[in-house]
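Accompanying notes for the structure given below.
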Amino acid sequence: MNKDSNPGPASGPRGFWPILLVFAAVALFFLWQEHRAHLLGALPYLIILLCPLMHLFMHRGHGGGDDHHHKGD
């Protein structure tokens with residue numbers, strides 16, 4: 001018997017991911033269509049809320065002291 005003769009069009013893991021991606025794309029499309037006003041209305045607040053997070057992550061590499069200013073003295 002030949003290994004390439006699988007019964008069913010979407011049997012196995014190769015048929016699962018394309019179906020899942022199509023389903024997710026359709027679900028995201030309808031969610032965007034129904035909730036666009038809510039999402040875009042919250043966008044300014046989300047940008048303002050991102051400021052403290054960016055501040056935390058951008059200042060992570062500063063270190064703990066002023067040692068880098070006094071190395072040349």
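All values reported here derive from a predicted model rather than from experimental measurement.
Under the side-chain contact (heavy atoms from CB on, under 4.5 Å) criterion, Leu20 pairs with Phe16, Trp17, sequence neighbours left out.
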Mind listing the side-chain donor-acceptor pairs of residues 27-35 below 3.5 Å, one per line with the distance, residues two or more places apart or on another chain?
{"from": "Gln33", "atom 1": "OE1", "to": "Arg36", "atom 2": "NH2", "distance (Å)": "3.1"}

Only distances under 3.5 Å count here; give the side-chain donor-acceptor pairs of residues 37-55 to other protein atoms, sequence neighbours excluded, each with its distance to 0.1 Å.
{"from": "His55", "atom 1": "ND1", "to": "His59", "atom 2": "NE2", "distance (Å)": "3.4"}

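For residues 20-30, the set of pairs meeting the side chain to side chain donor-acceptor pair (under 3.5 Å) definition, not counting sequence neighbours, is empty.
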